[in-house]
Protein chains: 2
Amino acid sequence: MSQPEKHTKDKILDAALDLFCVDGYSTVSIRDIGKAVGIKESSIYYHFKNKEDILQSLFDQSEQWTQMRKSQFNQALDAVSEIECEKFIFAGVAYLESYLLEEKINKMIRMLMMEKQRSLKAAEIYRQLFFTVPLEHHKNVFTRMRDKGYIAGDDPELLAAEYQSIILYVFHKYFSGPDIASDAERAAARLELSVLLKRFFKQHIQTAYG
Amino acid sequence: MSQPEKHTKDKILDAALDLFCVDGYSTVSIRDIGKAVGIKESSIYYHFKNKEDILQSLFDQSEQWTQMRKSQFNQALDAVSEIECEKFIFAGVAYLESYLLEEKINKMIRMLMMEKQRSLKAAEIYRQLFFTVPLEHHKNVFTRMRDKGYIAGDDPELLAAEYQSIILYVFHKYFSGPDIASDAERAAARLELSVLLKRFFKQHIQTAYG
DNA sequence: GTCTATAAATGGATAGAC
DNA sequence: GTCTATCCATTTATAGAC
């Protein structure tokens, strides 16, 4: 292994996320987390003040990942603002597959989806992740496309909302249950997303060949 | 009061839903429920076998409400298939306001949203409520509109998906946090929904005056 | 940093009186 | 139908040994 072994503190966070995202914060006991890591529950208190402290650390992590995504969005802005239909669809499918369905992020989303009902912080991160950050990015993309003449005078903010609503719809439709997404479900989701994005493209975006 | 007082069993279910939809099933104790109803916890076991039994009864209720909605949809089918833009928007806003945000249903949705990660039954009801039932109804509506010539040969199933994605988007954007929806949030949600539905209408539906 | 041991509180659930 | 009393398992968290 060239990778240094993870510190216990990180192992605890990973194990806690694994458990929280399925059973919810309060169902999971410190014992459960300790067992998953392979240490006694009392040892956890060396790394974290209490159980709530673990949850808050996971919220902090989620926030960081969301901000990272924001940076990635900004860096990729140039790449996505020139467009063909196939590339446009590919970008949306990639957003679903390598972000919303990426293992760690997906676990965070599942956890946030449960805790947002109780925790204002969780609710705020959920909003950032599913609305604030992507909407701003999409708006930037569509603004550029409009400036380049690919879109006929349409409101970029509305286009962003419409686009994100499609993403959200497919995500919730296919990945809201307790099971880990099967290959068949992933394929169905990919297909429906492609169809809806193709429609979106044809309706709103003029190709250079049109 | 002409209304007969609710039986204790129903009071227990109401109180349990109130607590479950905010804190989640496992956070809430039988003692909490008893306190909310005004009886001792042991009395609850006269009405329900155990704590899980209460949750399952609430799931059953949710399922019944979802099926009721299905019937309502079917009965209202004729009324919505002749259309002006304003009526079209009004129908969508009403779907949000007097169904998804109706007090009892909204509590059920919040509960299901948390429990669907653990419970297959909750996940299934959630799917029915947000996808299966409304998608079928929307599809019927758009099929009728197509048959009457209001829609130019578009696929009713895709239109249904696009329509529902707008509803879902607004619902999740404005009502995913722990707070009860304020009047301001409700107004903002109504406004954004109206704008998006108006767009949808102008893009897909030909008026008789066009 | 991890362990054993233990405190103190809370949880689900039952028995039996009224 | 509801109460009091009680049981027993589990939980969070701490103290102190190694």
Side-chain angles (χ1 to χ4, degrees), chain A residues 1 3-61 111 114-115 117-122 178, chain B residues 1 3-61 110-111 114-115 117-122:
Chain A
M1 293 276 201
Q3 293 257 355
E5 185 163 343
K6 277 202 170 182
H7 292 154
T8 305
K9 187 160 187 173
D10 291 322
K11 283 192 201 167
I12 294 170
L13 286 173
D14 288 348
L17 179 60
D18 278 342
L19 296 167
F20 289 168
C21 77
V22 175
D23 295 325
Y25 172 72
S26 29
T27 314
V28 177
S29 72
I30 299 271
R31 265 186 187 75
D32 294 330
I33 300 171
K35 199 177 288 177
V37 176
I39 57 175
K40 289 291 168 187
E41 79 235 58
S42 54
S43 304
I44 292 178
Y45 289 93
Y46 174 81
H47 301 279
F48 295 92
K49 210 183 81 196
N50 52 30
K51 193 185 167 188
E52 181 70 21
D53 188 27
I54 300 175
L55 183 65
Q56 292 301 325
S57 299
L58 285 172
F59 286 166
D60 290 341
Q61 269 196 11
M111 179 184 68
M114 285 189 271
E115 304 310 327
Q117 310 286 346
R118 282 191 315 127
S119 155
L120 271 173
K121 184 160 184 184
Chain B
M1 291 277 200
Q3 292 258 353
E5 185 165 342
K6 277 202 169 183
H7 292 154
T8 305
K9 187 161 186 171
D10 291 323
K11 284 192 200 166
I12 294 170
L13 286 174
D14 289 348
L17 179 59
D18 278 342
L19 296 166
F20 290 168
C21 77
V22 175
D23 295 325
Y25 172 72
S26 25
T27 315
V28 177
S29 72
I30 298 270
R31 272 183 182 79
D32 293 330
I33 300 170
K35 199 176 291 176
V37 176
I39 58 175
K40 290 291 168 187
E41 80 234 61
S42 55
S43 303
I44 292 179
Y45 288 93
Y46 175 81
H47 301 279
F48 295 93
K49 211 182 81 195
N50 51 30
K51 192 184 167 188
E52 182 70 22
D53 188 25
I54 299 175
L55 183 65
Q56 292 300 326
S57 299
L58 285 172
F59 286 164
D60 290 341
Q61 269 197 9
R110 285 167 181 267
M111 178 184 71
M114 287 189 269
E115 304 310 326
Q117 310 287 344
R118 282 190 317 124
S119 154
L120 272 174
K121 184 161 185 185

Rounded to whole angstroms, how far apart are [atom1] on [X] and [atom2] on [N]?
X: Tyr45(B); N: dC7(D); atom1: OH; atom2: C1'; value: 13 Å
X: Ile54(B); N: dA13(C); atom1: CD1; atom2: C1'; value: 12 Å
X: Lys51(A); N: dT11(D); atom1: NZ; atom2: P; value: 9 Å
X: Lys49(A); N: dA13(D); atom1: NZ; atom2: P; value: 9 Å
X: Glu52(A); N: dA13(D); atom1: CD; atom2: C1'; value: 15 Å

Is there side-chain contact between His47(A) and His7(A), with at least one heavy-atom pair below 4.5 Å? no
How long is the gap from [atom1] on [X] to [atom2] on [Y], to the nearest 0.5 Å?
X: Lys9(A); Y: Phe48(A); atom1: NZ; atom2: CZ; answer: 5.0 Å
X: Ser57(A); Y: Asp10(A); atom1: OG; atom2: CG; answer: 10.0 Å
X: Asn50(A); Y: Ile30(A); atom1: CG; atom2: CD1; answer: 7.5 Å
X: Ser26(B); Y: Met114(B); atom1: OG; atom2: CE; answer: 9.5 Å

Got a donor-acceptor contact below 3.5 angstrom from the [X] side chain to the [Y] backbone?
X: Lys51(A); Y: Val28(A); answer: yes
X: Ser43(A); Y: Ile39(A); answer: no
X: Tyr25(B); Y: Glu52(B); answer: yes

Please list each protein N or O that sits under 3.5 Å from an N or O in nucleotides 1-4 of chain D, with the distance.
unit_1, atom_1, unit_2, atom_2, d
dG1(D), OP2, Tyr46(B), OH, 3.3
dT2(D), OP1, Thr8(B), OG1, 3.0
dT2(D), OP2, His47(B), NE2, 2.7
dC3(D), OP2, Lys40(B), N, 2.6
dC3(D), OP2, Ser43(B), OG, 3.0
dT4(D), O4, Ser42(B), OG, 2.8

Tell me which residues in residues 19-34 of chain B lie within less than 4.0 Å of DNA chain D, going by non-hydrogen atoms. none
